[in-house]
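Working notes for the structure below.
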Amino acid sequence: MSGDHSHNEDQIMGGSRINDSHKHKDKYKEHKHKDYKRDKEKSKHGNSDYKDPSDKKYKDKEKMKHKDGSTEKNKDKHKEKRKEDKIKLLNDKVKKEKENGFVSPLHVKSEPEEDFYHSPKHEKSLKRERDEDYDSEFKPKKIKTENDKKVKKRKPGDEGDIKPKKTKTQKEVTDGKKKAKKEPEEKWKWWEEERYTDGVKWKFLEHKGPVFAPPYEPLPSRVKFYYDGKPMRLSPEAEEVATFFAKMLDHEYTTKDIFRKNFFKDWRKEMTAEEKATITDLKKCNFTEMSEYFKAQSEARKAMSKEEKQKIKEENERLLQKYGYCIMDNHKERIANFRIEPPGLFRGRGDHPKMGMLKRRIRPEDIIINCSKDSKCPEPPPGTKWKEVRHDNKVTWLVSWTENIQGSIKYIMLNPSSRIKGEKDWQKYETARRLKKCVDRIRAQYREDWKSKEMRVRQRAVALYFIDKLALRAGNEKEEGETADTVGCCSLRVEHINLYPENEGQEYVVEFDFLGKDSIRYYNKVPVEKRVFKNLQLFMENKEPDDDLFDRLNTSILNKHLQELMDGLTAKVFRTYNASITLQQQLKELTTADENIPAKILSYNRANRAVAILCNHQRAPPKTFEKSMQNLQAKIDAKKDQLSDAKRELKSAKADAKVRKDEKTKKAVENKRKAVQRIEEQLMKLEVQATDREENKQIALGTSKLNYLDPRISVAWCKKWGIPVEKIYNKTQREKFAWAIDMADEDYEF
DNA sequence: AACGCGACTTAGCAACGCACTA
DNA sequence: TAGTGCGTTGCTAAGTCGCGTT
């Protein structure tokens, strides 16, 4: 059965992704969802306040009436319904599973190792995990190169921080020459140390706090705002918000109703009473002078002299040095985002109901500082106070505040190169590798579950199949009206799939068409097993388009189930696993020994691309795509001409040599031959580049590379084929994956 | 069980900036 | 020397998932 899961070319490339630009998305969305939503609300509850909590009971009751029919029309009452069914079913389930051995100890036994030790989320097992899993595979060979003595402070009782020799290893190879001097610093190999085991994230934390957005600078008085054709001076508060709008004038979304409505509403809140009285219609507002002014400003910025630019750069560098680092457990670590998000107009992705709302300015009074008690606490700007200072070493953030659009919390955290992020990342891939060991068993089980007599078990099993086969996201439910209408696996609605008993010569085809995270469209047509197909038909029976496909399932149920199958298993682990295993397979398949380096890199990119397609990582084609493609083609053509010239010359040189037979002409032939060769190589390189770029038009490789692909696979591949890692990972990426670069050797197996 | 929240990962795009070219 | 093209970096939205509360 695992054959079915090998994400081969067919599956990966199978679905055409017709999504492109945002426009497309928006359009798609507009007719596909918006209207439904509206109808739904109306038709369902006739009218009114069904948001009122008191209404809930009513709903519950209503639900109960039809609760039995899995077939009756249940609209958005699923939740309540689910609840009830759940209780019953859950009980059943517990019994069931014991009975029929789904949670069979046999299985557990069959993979004793992975089922027992490391529980990735139970940090206590981390240490062991590492010992048992890695030490055998990645001898920290480097460790001994120098007998660095470490001063470990992290764990009471263990040796200390490794202050190892420089980690130049990888860099010397290619950057050797220029690097020599800028590499004096020794890199800390946290991955050679023990980890915390008890939910503690650090013992010591000191930082300088956040950098706030610069205060608003009022416009020069010559830059005017006009209302109804008449110039009007705005109060600074109102003016600031107006400038946010003015800066976006060129964007399409300032023409959207929701955007304008939200903006105007929030803008009015900032106005003085008089302003509010005067400015009553956004259509009568003329921001063009402001807009022109900002354009001029940005031109001016571009045109600044070198010195001025240098000055700014230095100032930024100063800020970075001061605020961009913290001390965590005796190591200086880079902070990811030390600047507080500046105020502006919110633009969510896709059709966001809150687009255009004012994202307010964050003040020190909004800020919570987290640091250790024994550290020097950052000072708030003069005359201000922090909202709170706390000392919570069970979390990793340094600063937090609550954002006003969704009311969610934002954080300042460390850079991916930091120990705290790196360990977690490493751990993530270890969990995925554990899944590798038991994935066959899990697949066997969900296939069994397709036959279950319990609807909820079958739903769970089909959903899991999609998550596994198609790398769908889990799909938490979202609060309606708070965010764009997007879905993942568990939240798929009937309207998102179409069933074709037969389609283009294939049987049992499911067509997916929905908006996923970031309102990126997922479109795919996949043949599925008959059982899955039949189940889907059943799940869809007597439902409306906007009913949940899996009405007896949600992410929490699914994850609870997964947790029982493997310690630490959640839906997203399947994405990581399938992405990484696909990369490994594809690399094996695509790399050929006799290719040159550019060709090997093309193979790598293709393997990477297969993963990106699997995970549906799309991008809008770069605006300059066509042009740059043309340029490249022109280069190729030129190179071709050059090649034929060179060939001609070679030919005549040969002819010449035939006649003259002296050393000099022989040498000339040799030279010409080499020239031809060189040009051929260059030509090939260009052609490879063109292919790569073309294939990459709408696909973003970065996301999978950064988040889903076990870096050790790539590092091993590089080592195996003698490719410098720099060809695969840029500087930032090498910093993030330093652990992998250091520990993976060419035999690494995911 | 469901909710709401908190913490943390994953995501695409726009601005930036640097090397190369015209 | 300015302009281009393109990779890199910054930004922050939007997910996942676990936990405590109700």
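To find a chain, count down the sequence lines: A is the first, B the second, and so on, and within it residues start at 1.
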When all nucleic acid strands are considered with a 4.0 Å heavy-atom cut-off, which category describes [X]: base, sugar-phosphate, or nothing?
| X | result |
| --- | --- |
| A/Asp425 | nothing |
| A/Lys635 | nothing |
| A/Gly407 | nothing |
| A/Gln406 | sugar-phosphate |
| A/Gly516 | sugar-phosphate |
| A/Lys517 | base |
| A/Ala336 | nothing |
| A/Pro416 | nothing |
| A/Thr555 | nothing |
| A/Asn559 | sugar-phosphate |

Open item on the list: Taking the basic N atoms (NZ, or NE/NH1/NH2) and the acidic carboxylate oxygens, is any pair closer than 4.0 Å for A/Lys311 and A/Glu308?
Closed with: no

Task: Pair A/Asp548 + A/Arg493, salt bridge at N-O below 4.0 Å - done: no

What are the atom names and distances for every N/O pair under 3.5 Å that joins the protein to nucleotides 15-18 of chain B?
{"unit_1": "B/dC18", "atom_1": "OP1", "unit_2": "A/Lys313", "atom_2": "NZ", "d": "3.3"}

Would you tell me if any nitrogen or oxygen in the side chain of [X] comes within less than 4.0 Å of OP1 or OP2 on [N]?
| X | N | result |
| --- | --- | --- |
| A/Thr486 | C/dG15 | yes |
| A/Arg349 | C/dC11 | no |
| A/Lys627 | C/dG5 | yes |
| A/Thr703 | B/dG12 | yes |
| A/Lys572 | C/dG15 | no |
| A/Asn476 | C/dC17 | no |
| A/Asn730 | C/dT8 | yes |
| A/Lys302 | C/dA2 | no |
| A/Thr396 | B/dC8 | yes |

- [ ] Would you please classify the geometry between the A/Trp397 ring and the A/Tyr411 ring as parallel, tilted or perpendicular, with 30° and 60° separating the classes?
- [x] tilted

Heavy atoms from C-beta onward define the side chain here; which of [options] lies closest to that of [X]?
| X | options | result |
| --- | --- | --- |
| A/Trp397 | B/dC13, B/dA7, B/dG12 | B/dA7 |
| A/Ile409 | B/dA7, C/dC17, C/dT8 | B/dA7 |
| A/His617 | B/dG12, C/dG5, C/dA13 | B/dG12 |
| A/Lys359 | B/dC8, C/dT12, C/dG18 | C/dT12 |
| A/Ser628 | C/dC6, B/dA11, B/dC8 | C/dC6 |

Open item on the list: I'd like to know whether the aromatic ring centres of A/Phe512 and A/Phe466 sit less than 6.0 Å apart in this structure.
Closed with: yes

- [ ] Check whether the ring centres of A/His352 and A/Phe346 lie less than 6.0 Å apart, and answer yes or no.
- [x] yes

- [ ] Applying ring pair (Phe, Tyr, Trp, His ring centres under 6.0 Å), name anything that partners A/Tyr253, two or more places apart in sequence or on another chain.
- [x] A/His251, A/Phe259

Task: Under 3.5 Å donor-acceptor pair, A/Lys424 side-chain atoms to B/dT9 base atoms - done: no

- [ ] Please assess A/Gln618 against A/Asn616 for the test side chain to side chain donor-acceptor pair (under 3.5 Å), listing each intermediate value before the final yes or no.
- [x] CA-CA 6 Å; A/Gln618 301 191 25; A/Asn616 201 37; 2.8 Å; yes

Separation of [X] atom [atom1] from [N] atom [atom2], in whole Å?
| X | N | atom1 | atom2 | value |
| --- | --- | --- | --- | --- |
| A/Asp518 | C/dT16 | CG | P | 11 Å |
| A/Leu553 | B/dA2 | CG | P | 11 Å |
| A/Leu472 | B/dT10 | CG | P | 17 Å |
| A/Tyr253 | C/dA13 | OH | P | 11 Å |
| A/Asn616 | B/dA11 | CG | C1' | 12 Å |
| A/Gln733 | B/dT10 | CD | P | 15 Å |
| A/Asn337 | B/dT10 | CG | C1' | 15 Å |
| A/Glu341 | C/dC11 | CD | P | 9 Å |

Open item on the list: Can you work out whether A/Lys736 or A/Arg390 has the more 5'-proximal nearest nucleotide on DNA chain B?
Closed with: A/Arg390

TODO: Please figure out whether A/Tyr411 or A/Arg473 has its closest DNA chain B nucleotide nearer the 5' end.
DONE: A/Tyr411

TODO: Return yes if a side-chain donor-acceptor contact under 3.5 Å exists between A/Glu314 and A/Gln310, otherwise no.
DONE: yes

TODO: On DNA chain C, check which nucleotide each of A/Lys410 and A/Arg693 is closest to and give me the residue with the more 5' one.
DONE: A/Arg693

Open item on the list: I want to confirm an ordering. Mapping A/Ala571 and A/Asn415 to their closest nucleotides on DNA chain C, which one lands closer to the 5' end?
Closed with: A/Asn415

Open item on the list: Please check if the number of heavy atoms outside A/Lys685 that lie under 6.0 Å from its NZ is greater than 12.
Closed with: no

- [ ] List in chain and number order the residues that pass salt bridge (Lys or Arg N to Asp or Glu O under 4.0 Å) with A/Glu479, two or more places apart in sequence or in another chain; answer none if no residue qualifies.
- [x] none

